[in-house]
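Here's the structure we're looking at; comments come further down.
Chain A is the first sequence line, chain B the second, and so forth, proteins listed ahead of strands; every chain is numbered from 1. Basis for what follows: all heavy atoms, side chains included, without hydrogens, waters or symmetry-related copies.
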There are 2 protein chains.
Amino acid sequence: MAVTIYDVAKLAKVGIGTVSRAINNSSHIRPQTKKVVMEAIQELGYTPHAIAQGLARKKTGILAAIMPFYTGHFYHELLRGIMKSLSTFEYDLILYYVDRVEMKNNFLDRTLHERRCDGVLTFSMEISDEYAEKYINAKVPIVVVDRAHDKIDCIQVKNDEGAYSATKHLIEMGHSRIVMITGHNNSAPARDRYQGFARAMRDAGLLIDADSIISADGLDDPTILKQNDGFNERAGEMAMKKLLQRNKAEVTAIFAASDILAIGAMKAIREAGLSVPNDYSIIGFDDIELASYLSLTTMKQPMYEIGRMAVERIMEKLENKESPARQVQLSPAIVVRKTTAKLV
Amino acid sequence: MAVTIYDVAKLAKVGIGTVSRAINNSSHIRPQTKKVVMEAIQELGYTPHAIAQGLARKKTGILAAIMPFYTGHFYHELLRGIMKSLSTFEYDLILYYVDRVEMKNNFLDRTLHERRCDGVLTFSMEISDEYAEKYINAKVPIVVVDRAHDKIDCIQVKNDEGAYSATKHLIEMGHSRIVMITGHNNSAPARDRYQGFARAMRDAGLLIDADSIISADGLDDPTILKQNDGFNERAGEMAMKKLLQRNKAEVTAIFAASDILAIGAMKAIREAGLSVPNDYSIIGFDDIELASYLSLTTMKQPMYEIGRMAVERIMEKLENKESPARQVQLSPAIVVRKTTAKLV
DNA sequence: CTGAAAGCGCTAACAG
DNA sequence: CTGTTAGCGCTTTCAG
C-alpha cells in the first residue's frame, strides 16, 4: 500500500491532524512542528491522496469542459487558453467530447449530479432554460462559451458586430451584390451573423432579398446539415455551386459565416475555373489556422483569450457562488489577407 | 445537501448495502428488492457520488493524458480516437497539457502519486528508464504513444519504414539528389526517420553525405529549437533558405520529416520565386489536416487508430496488471498528392 | 498549538 | 439474499 497520512504522523510523532495542517499550510501550527512534519513527508515521499482530499473537502479541484467534436480548428486555441490559465489555479480539466447531440444532456446531467467536478465550461452548445435553472439550483458554477444565455455566465464574440464589419469591408471594397453563405438557420451564430450582414447592407442602402443568403438548410444534400450545424466545408462548396448556377445575378462578393464554409466555397469557385479574388471576393469568420495558410480574409475570434477568460470567470464563481451571472461579449477583429479585393 | 445512499435506503426501507448492490448490479440481490430500490432512486433522483465511490473502490474511472501543447495538428485526431474509445469503457479523461518541458516530470509524478487517475497515456514524450521503473513499481498502467520504451507499453508508427517509403517514392520519381529536412537531432523520430532516409538512399546506390541532411540544430535562430523539438514551420523555412543559398548542389527533392517542416520549406521556395513541384518535389510526414488543403504528398500516421488502440491497451492493463509490456508498431501509408512529380 | 474523533459517501466483507 | 459494520485517506471541529 502507498504511504498515507498515518505513516507520516507516526514518523513525525504527531497526530494526523497536525500533518494535515502542515500540508494545507494552516496558520495554526508551530513552524518547528511543521518542519518536522515536512521532513517526514520528504523522507517517505508522501503525496496526499487527491480523491480522499476531495471527499473530505467537498471539492475536487477539477473542472469539466464539454465540447463538440467535429471541428478541431476552433477548439485547439480555446483549449490552449484554458489549460494555460488553469495551471495558474492548480485545477485539472476533464474533457467531455460530444460527438452526437444526444450525448450533450448526458454530460450536463453527469456534471450536475456525479460531483466529479467543481464547475463546468460548455462550448458552442445551446443551454436550455431547463438546464440553466438546474445549474443555478444545484449551485454548480457554469460558464457557457460561444453561445448566450441570460440567466447564466457566458462569453462569446459579438457575432452581429463581426458580420457587420465583414460585410462593411466588402462594401468598402466597392462590392454591392453580396451574398452570405451560412450554416443551419436554427443556430444562434447563423442568426446573429445574418443580422449583422443585413444591417450592414441596409445601412449602405443595398438590396437584400431571399437570394442574398444561401444557408445549409436549402441545400439538397441532407447530410450536410448534420455536421456542425451546417458549418462545414461541403456545405460551403454546395452553397457556392448553387450560386454559380444562378448565373443571372452579378454577385461579386461572398460573406461566409465561417472560414470552413469559405474554404468550401473557394473550392467550388476554383473547380468552376474561376478565381479569388478576381472573380469573387470572399471573407470568412473565425480565423482558424487554415485561414492564414490559405490567405483568407476573415474576422478573428480571440479564442485563446476567450479560453483564458472562461477559466478566470469560473474561478471567481468558485470563490463566490453568489456572484451574479455576467454576459461578456468580445469584438472580433478583421484580418485582411488576400481573398478580398477592390472591385474594378 | 444532495441526496445520498442513505436517503435511498430509508425510502426503500432497506440497508445501504442493498442499495449499493442494486446500483452495482450485483447478482446477490432479489430482482424484486432491486426494483424497489431502483424506484426509490428514480423518485429521489439519486446519482452516486463519484468521488466517494472512487475512494471506496480504490479506482477513479479516470485516465490521464499527458500531451505536449504546441502542435494542434497532430493531436486532434489522436484525441478523437481516444475519446471515442473511452466512451465505450465508461472512463473519463483528464488532460495534462505540457507546454514547457519542465512540466513533464511534474505531471508524471502527479499521476504516479496523487492517485487521481487509474492509468496514464503519454504522447510524443520520451520516458526515462527511471520513470518507466517507477510506473512499473507503482503498478500504474501506462501506455506511451509516439515514442518507444522497451520496458513499458508503447504504440507508435514505424518511423524508419515511413521515411524509407517516402524517400523511395522520391527516388522512383526519378530524383537522385535528395535532401532531408528535419527537427532536433536528439529527438527519437528525427533519428529514426533519418535511418530510413539513409537506408533508402543507400539501397538505391545514391550519394549521402553531411549535406544530405539539414536539421534544426544547424540553424542560426536558436529559438527554433525550442518549439516542438525543432519540428516547426520556421525551422522548415530556415532550413530551405539555407539549402537555396547553397545553390551549387542540384538538389531536386526534399524529404521533410514532418508536414509542418514541409510547409515551412514550401514557403521559402515560394518566396524565392520558385515553385513546387516544378523546381522541387517535396514530401512530408504525418498527414495533418493542412496537408490535404495544401495538396502535400506525405506519409499518413493513423492517429485516430493509434488513439483507439492506446485506450484499448490501457484498459487491458487495467483488467490485468500483470499483462506484460507490449510494443506495437504501425506502418504509415503514403498519400500521394501534388507536391511530388516525376523529374523531367 | 495539537491530538482525538467525527465525518465525507460509498463499497465490501461478515454475519445472519 | 440482506443489514450491519469497518474501512478508503483526508479535513475539520472540539477539547485540552
Should B:D129 and B:H149 be marked as a side-chain hydrogen bond (donor to acceptor under 3.5 Å, both in side chains) after you check the CA-CA gap, both sets of side-chain angles, and the distance that decides it?
-> CA-CA 8 Å; B:D129 291 344; B:H149 195 290; 2.9 Å; yes
Give A:H49 one of three labels, base, sugar-phosphate or nothing, depending on what nucleic acid heavy atoms sit under 4.0 Å from its own.
-> sugar-phosphate
Whole angstrom is fine here: how far is it from NZ in B:K13 over to C1' in D:dT4?
-> 19 Å
How close or far is atom C1' of D:dT12 from atom CG of A:L55, stated in whole angstroms?
-> 13 Å
Answer yes or no: does a side-chain N or O of A:T18 lie under 4.0 Å from OP1 or OP2 of C:dG3?
-> yes
Given atom NZ of B:K59 and atom C1' of C:dC10, what is their separation to the nearest angstrom?
-> 14 Å
Please round to the nearest 0.5 Å and tell me the distance separating atom CD1 of B:I82 and atom CG of B:L63.
-> 9.0 Å
Considering just the side-chain nitrogens and oxygens of B:K58, establish if one lies under 4.0 Å of OP1 or OP2 belonging to D:dG9.
-> yes
Please report, rounded to the nearest Å, how far the C1' atom of D:dT11 is from the CD1 atom of B:I51.
-> 15 Å
Atom pair distance, as rounded to whole Å: CZ in A:R116 and P in C:dC10 | 13 Å
Would you name the heavy atoms of B:P302 and B:L330 that are closest together and state the gap between them?
-> CG-CD1, 3.9 Å
ring-ring contact (aromatic ring centres under 6.0 Å, His included) contacts in which one or both residues fall within residues 87-109 of chain B, not counting sequence neighbours = B:F69-B:Y97, B:Y96-B:F107
Nearest-angstrom distance from the residue atom NZ of A:K34 to C1' of C:dT2 | 15 Å
Send over the distance from B:E114 CD to D:dG9 P, rounded to a whole Å.
-> 15 Å
Sugar-phosphate atoms are those with a prime plus P, OP1 and OP2; base atoms are the rest. Using that split, label each nucleotide of nucleotides 11-16 of chain C B, S or - for protein heavy atoms under 4.0 Å, 5' to 3'.
-> BBB---
Which atom of A:M103 lies closest to which atom of A:D99, heavy atoms considered = SD-OD1, 3.1 Å
Within this structure, what is the CZ-to-C1' distance between A:R30 and C:dG3, rounded to whole angstrom?
-> 14 Å
For B:R326, which residues count as a side chain to side chain contact (heavy atoms under 4.5 Å, CB included) partner, sequence neighbours excluded?
-> B:D153, B:R313, B:E316, B:V328
Knowing that exactly one of B:P68, B:S187, B:S124 qualifies, which makes a side-chain contact (heavy atoms from CB on, under 4.5 Å) with B:D229?
-> B:S187
